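For reference, the structure discussed in these notes is given below.
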Amino acid sequence: MTGSTTTDLPLFPFFNTASPFAPLTEADRATIDDPLTPVQLPTGQRAWLVTRHADVRQVLRHPGFSADFGRPNFPMLRAVSLGSDEDRQGGFIRMDGEEHSRLRRMLTAEFMIKNIRRIEPLIQETVDRALDDMYDAGPPADLVHSFALPVPSMVICHLLGVPYQDHGFFQARSHTLLDQSASAESVATAAQELRDYLRSLIEAKQRSTVDSEDLLSRLVNERVRTGELTVGELVGMALLLLIAGHETTANMIGLSTLLLLQHPGHLAALRADPTLAPGLVEELLRYLTIVRSGLPRLATEDIEVGGHLVRAGEGVIALLSLANRDDAVFGDPEDFVLDRQAHQHIAFGFGVHQCIGQPLARAELRIALVELARRFPDLRANAALADIPGRTTSVVYGLTELPVTW
Amino acid sequence: MSGGQPVRITVDRDRCCGSGNCVVTVPEVFDQDDAEGLVVLHQPEPPPEYADRLREAVDLCPAGAIRLDE
Ligand code: SF4
């Protein structure tokens with residue numbers, strides 16, 4: 001299914017400009033056929049769009065669907081160069097099988113629930129400080145820049161051992177990396193600059209004689225020094241963690257706040273009973289599913305999906321956002337329901353690549369929203385919904401700004 | 001024991017990707033080890049009243065690493 005250039009197939013990714021809460025416009029949605037829709041990608045490749053919850057889960061869990069971008073015909077959501085082999089080292093979200101699990105397993109214990117519980121006081125402190133500062137600076141404020149972005153960014157910097165004072169540098173570059181409308185050159189430059197930055201940070205940790213407890217220092221001491229991991233691989237892993245650690249949660253906090261401001265009853269309920277937070281967080285994850293352009297995979301064998309044969313060599317896009325609104329799984333899926341038991345959502349993906357940082361993301365979201373609701377009972381948006389800018393072309397959807405007052 | 005059929009859980013640590021969904025769903029039965037963060041079982045033959053939550057854990061396991069025999 002590759003190589004075609006003229007086509008009347010729907011073009012994918014869809015860039016939604018209608019509403020921050022709808023995964024796609026009515027017009028784009030009307031182009032989707034169940035269960036699989038052929039679409040054309042920016043590279044000229046064709047791929048199957050998979051939108052049902054059961055089918056998306058099957059694709060993401062099936063070992064016959066590869067996540068390896070380096071394979072010929074892999075469906076690319078934008079025309080960027082893959083970079084050299086060296087550039088791709090350590091990027092385990094784009095690897096399969098043993099290659100993937102070797103690297104992922106060096107990190108799983110770090111992010112598991114019981115270890116995240118230990119750092120909850122740090123998250124709480126970070127949230128408290130950011131909200132103190134926002135309050136003291138007085139209304140109005142941009143909640144994205146005062147709160148949603150700094151909190152996860154400070155937490156991941158602390159965990160990794162990356163100096164937070166460099167946040168301007170790495171936030172600007174990770175923004176470019178995720179922007180599907182950025183030129184291939186600017187993406188390559190941003191990636192190179194981030195890699196160079198992380199490499200010198202890691203090399204400094206190698207030279208350091210002080211015993212540091214941060215994750216990158218421990219990986220240097222326990223894995224690089226023992227020969228289990230190369231510096232190039234660690235650079236790639238650090239890049240993934242740094243970007244995923246601040247971009248995803250930051251966008252969830254901003255977008256969740258805006259959604260809750262549209263549902264003051266939910267916000268009041270959360271203020272009155274913070275034990276509602278874990279359930280609310282699951283529903284926010286389902287409803288907002290910020291990885292809106294889905295997850296690309298390449299079939300390496302013939303596999304039946306939704307009663308349709310996907311042939312080896314064909315690409316599929318697992319559309320998490322629509323799977324999370326599948327009425328076969330979630331009743332009234334278009335409604336945002338405070339106490340819905342949404343545990344089956346796949347906002348973190350599914351299969352062996354499912355987000356490794358999900359316990360961290362959940363804890364950050366929960367603590368951030370509870371504290372925001374508690375301290376700012378009069379919080380309200382300071383702009384009309386239509387005027388609040390969204391990251392419509394980003395791999396990770398969210399708000400670029402959220403003007404608020406109280 | 002209540003009158004239900006006994007259930008048996010087996011896990012495949014080679015498949016496990018350490019997502020921890022099982023630990024959230026049935027903390028009485030599942031845990032993750034400190035070194036690798038992979039699934040470990042507190043009890044391979046949990047009481048039958050856990051069956052509903054165990055089925056949910058099987059369903060939510062992204063790696064298909066949990067098997068339930070009822
Ligand atoms: S849910 Fe599955 S993958 Fe996740 S920790 Fe449990 S067994 Fe491992």
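Numbers restart at 1 for each chain; the letters A, B, ... are given by sequence-line order, proteins then strands. Keep in mind the model is a prediction, meaning the values are calculated, not measured.
- Other residues, nucleotides and ligands contribute at most 12 non-hydrogen atoms within 6.0 Å of the CZ atom of B/Arg67.
- You'll find the side chain of B/Asn21 reaches within 4.5 Å of the side chain of A/Gln354, heavy atoms only.
- A donor-acceptor pair under 3.5 Å is absent between the side-chain atoms of B/Arg15 and the main chain of A/Val352, judged by distance alone.
- Atom CG in B/Leu60 sits 9.0 Å away from atom NE2 in A/His345 (nearest 0.5 Å).
- Ranked by heavy-atom pairs shorter than 4.5 Å toward chain A, the options B/Pro62, B/Gly18, B/Cys16, B/Gly20 are led by B/Pro62.
- When every heavy atom of B/Gly37 is checked against every heavy atom of A/Met112, the shortest pair comes out as CA-SD, 3.7 Å.
- Ranked by non-hydrogen atom pairs under 4.5 Å with chain B, the options A/Gln358, A/His353, A/His343, A/Arg57 are led by A/Arg57.
- The distance from atom CD1 of A/Ile113 to atom CG of B/Asp31, rounded to the nearest 0.5 Å, is 9.0 Å.
- If you measure heavy-atom distances from B/Ala35 to chain A, the contacts under 4.5 Å come from the backbone alone.
- Only the side chain of A/Arg104 comes within less than 4.5 Å of a heavy atom in chain B; its backbone stays farther off.
- Using a 4.5 Å cut-off between heavy atoms, B/Asp59 contacts chain A through both its backbone and its side chain.
- The local environment of NE2 in A/His158 is sparse, with at most 12 non-hydrogen atoms from other residues, nucleotides or ligands closer than 6.0 Å.
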